[in-house]
Structures are given as structure tokens and as C-alpha cells.
Undergrad: 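Structure provided below as C-alpha cells; questions to follow.
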Amino acid sequence: MPLSDVLFGDLSATGHAALKAVLMFLTALAVLRFSERRTVGQMTPYDFIVAVAVGAIVGRTATSAQTPWLTGAVALLALALVHTVVSRLRLLPWVHRAIDPQVHVLVRDGEVDHRKLRRAGLLDSDLAALLRQQGVSDVGQVHLAVFESKGGVSVLTSPAEHPDSSTEPATS
């Protein structure tokens, strides 16, 4: 096999690889947008897609005799371009709403919203574990617990739990 075939392969196949990479990115984004956030941890769905796709492309290009380097490189560049475009488009409110999952207030002033908890795919025991990780032993201490768009839970304890952290000036 000539070196030019190893490095460049069929140029029409390279264009098809770029198109398939973009289409697979958009397909994976749509699928992950509506899946539970617990599966992607602290990454946005499109960051997760790119991470997995990059690994797959690098692995396949490096180990497959039928996949020339140029095909893999163009697929990676196409993914990087789509990722950049999606990142920029997220600045538009309607695109942000379409791509990023909505945040859910799981606890407000010590009251658990079980409907939102179920929508987030969490059990009471999951919430209790997440609160313990934040140093909170009783849900009554929680002012807000928010299930973030990246899958993490932010916990704000009640101001009464931290009297020294008030922004009010001290009186003598």
C-alpha cells in the first residue's frame, strides 16, 4: 500500500467521514439531551459526546488499516468545529433552552419536592447522600438544593445555620 494511501486515502471518503461525524454529533446530542443527567456526570451532554467521539475516532483511526489518518483528522476537526459552534450558539437563550437541561429545585426551605426529585431520576436516599457529601445531615437545614444542568446538586443551607456568615453589619 503506497504511503499516500495510508496518509490520505480516498478524499471523497474523507468528506463523508466529516459529514457522518457531524450527523452523529447531532444525533448523540439529541439523545443525551433527553436522557438522565446522572449518566454524564459533570459534563454537558455535548461535551460528553465530543469526549466519547474523540476517543472512538482516535482509537479507530490508530488501529484500523482501512481508516487513513486524514479521514480521522478531518472527523476530529469536524467535531471540534461543531463543538465550538454549539458552544457559541448556547449564548442565544432559545438555543440554551433547547440544548441544556433545565435546573430543578429539589429542596426549598427544608421541603423536598418529590415530583422534581423523580424528574431528576433521584431517590430520597440519593438526595440524602448528596446532602451528606455537602456536610448537611438534616434536610431541614437546606434553604435550596438545586439539581444543576450538568447533573450536580448545589446546596445552600439556611442563613440561620450560619449566623457568622451574614452580610448584615454586627451590632454591639
Side-chain angles (χ1 to χ4, degrees), residues 20-60 62 75-172:
K20 287 192 299 185
V22 169
L23 292 174
M24 287 306 300
F25 174 86
L26 296 173
T27 301
L29 179 62
V31 168
L32 287 175
R33 167 59 179 88
F34 297 104
S35 69
E36 290 190 24
R37 283 174 265 177
R38 294 167 54 119
T39 61
V40 294
Q42 294 297 314
M43 300 174 88
T44 61
Y46 67 97
D47 289 331
F48 178 76
I49 294 164
V50 170
V52 170
V54 165
I57 291 168
V58 169
R60 171 123 340 134
L76 286 177
L77 290 172
L79 283 175
L81 177 65
V82 170
H83 187 263
T84 300
V85 168
V86 170
S87 294
R88 300 293 185 263
L89 287 174
R90 284 180 65 236
L91 298 174
L92 299 171
W94 68 271
V95 174
H96 177 71
R97 283 190 304 274
I99 291 176
D100 292 330
Q102 190 176 27
V103 299
H104 297 290
V105 176
L106 303 176
V107 179
R108 183 181 307 274
D109 296 325
E111 296 295 321
V112 177
D113 185 334
H114 291 282
R115 187 175 66 82
K116 296 271 179 85
L117 198 63
R118 277 192 310 277
R119 182 178 280 171
L122 298 172
L123 302 171
D124 285 319
S125 58
D126 296 327
L127 177 62
L130 290 165
L131 294 177
R132 284 192 302 273
Q133 290 171 357
Q134 299 283 333
V136 177
S137 60
D138 178 20
V139 73
Q141 299 172 282
V142 178
H143 172 61
L144 283 176
V146 180
F147 190 56
E148 303 290 355
S149 62
K150 290 185 177 183
V153 175
S154 298
V155 178
L156 302 172
T157 56
S158 300
E161 298 296 324
H162 303 287
D164 59 333
S165 64
S166 172
T167 57
E168 296 293 321
T171 57
S172 346

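Source: prediction; values computed, not measured.
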Undergrad: Would you sort out whether Thr157 and His143 count as a side-chain contact (heavy atoms from CB on, under 4.5 Å), showing the intermediate values?
TA: CA-CA 5 Å; Thr157 56; His143 172 61; 5.9 Å; no

Undergrad: Taking all atoms of both residues into account, what is the closest heavy-atom pair of Arg90 and His96, and its distance?
TA: O-CB, 3.3 Å

Undergrad: Evaluate the side-chain proximity of Val139 to Val107: yes if any heavy-atom separation is below 4.5 Å, no if none is.
TA: yes

Undergrad: Run the side-chain contact (heavy atoms from CB on, under 4.5 Å) test against Ser154 and tell me which residues pass, sequence neighbours left out.
TA: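 Scan of Ser154 (side-chain contact (heavy atoms from CB on, under 4.5 Å), adjacent residues dropped) gives Glu148.
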
Undergrad: Does Asp113 have any side-chain contact (heavy atoms from CB on, under 4.5 Å) partners at least two apart in sequence or in another chain, and if so, which?
TA: Arg115, Lys116

Undergrad: Could you list all the salt bridge (Lys or Arg N to Asp or Glu O under 4.0 Å) pairs where at least one residue sits in residues 50-59, not counting sequence neighbours?
TA: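 Output for this query is empty, none listed.
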
Undergrad: Are the side chains of Arg108 and Val105 in touch, meaning some heavy atoms are under 4.5 Å apart?
TA: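 Sidechains of Val105 and Arg108: in contact.
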
Undergrad: Enter the distance from Leu76:CG to His83:NE2 here, rounded to the nearest 0.5 Å.
TA: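 Interatomic distance, Leu76 CG to His83 NE2, rounded to 0.5 Å: 13.0 Å.
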
Undergrad: How long is the straight-line distance from CG of Asp126 back to CG of Leu131, given to the nearest 0.5 Å?
TA: 11.0 Å

Undergrad: Salt bridge (Lys or Arg N to Asp or Glu O under 4.0 Å): which pairs involve residues 134-145, sequence neighbours left out?
TA: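 As it turns out, there is no salt bridge (Lys or Arg N to Asp or Glu O under 4.0 Å) pair with a partner in residues 134-145 once direct neighbours are skipped.
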
Undergrad: Using side-chain contact (heavy atoms from CB on, under 4.5 Å) as the criterion, list what pairs up with Arg88, not counting sequence neighbours.
TA: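 So Arg88 forms a side-chain contact (heavy atoms from CB on, under 4.5 Å) with Thr84.
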
Undergrad: Does a side-chain heavy-atom distance below 4.5 Å link Val142 with Leu156?
TA: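 No. Closest side-chain heavy atoms not under 4.5 Å.
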
Undergrad: With no hydrogens and no angle check, is any side-chain donor or acceptor of Gln141 less than 3.5 Å from a backbone partner on Ser137?
TA: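 Confirmed, Gln141 side chain pairs with Ser137 backbone.
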
Undergrad: Are any of the side-chain heavy atoms of Leu106 and Val112 separated by less than 4.5 Å?
TA: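 Leu106 vs Val112: side chains apart.
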
Undergrad: Is Phe147 close to Leu122 at the side-chain level, that is, under 4.5 Å between some pair of heavy atoms?
TA: yes

Undergrad: In chain order, what residues pass the side-chain contact (heavy atoms from CB on, under 4.5 Å) check against Leu79, with sequence neighbours excluded?
TA: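 Once residues adjacent in sequence are excluded, the partners of Leu79 under the side-chain contact (heavy atoms from CB on, under 4.5 Å) criterion are Ala21, Phe25, Ala53, Ile57.
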
Undergrad: List in chain and number order the residues that pass salt bridge (charged side-chain N to carboxylate O under 4.0 Å, His left out) with Arg60, two or more places apart in sequence or in another chain; answer none if no residue qualifies.
TA: none

Undergrad: Considering all heavy atoms of both residues, which atom of Gln134 and which atom of Val153 are nearest to each other, and what is their separation?
TA: NE2-O, 3.8 Å

Undergrad: Val22 and Ala78: which non-hydrogen atoms are nearest, and at how many Å?
TA: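 Shortest heavy-atom contact: CG2-CB, 4.1 Å.
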
Undergrad: Does Glu111, at its CD atom, have more than 12 non-hydrogen atoms belonging to other residues, nucleotides or ligands within less than 6.0 Å?
TA: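 It does not: Glu111 CD has 12 such atoms or fewer within range.
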
Undergrad: Name all residues meeting the side chain to side chain donor-acceptor pair (under 3.5 Å) criterion together with Asp124; count only those two or more places apart in sequence or in a different chain, and write none if there are none.
TA: His114

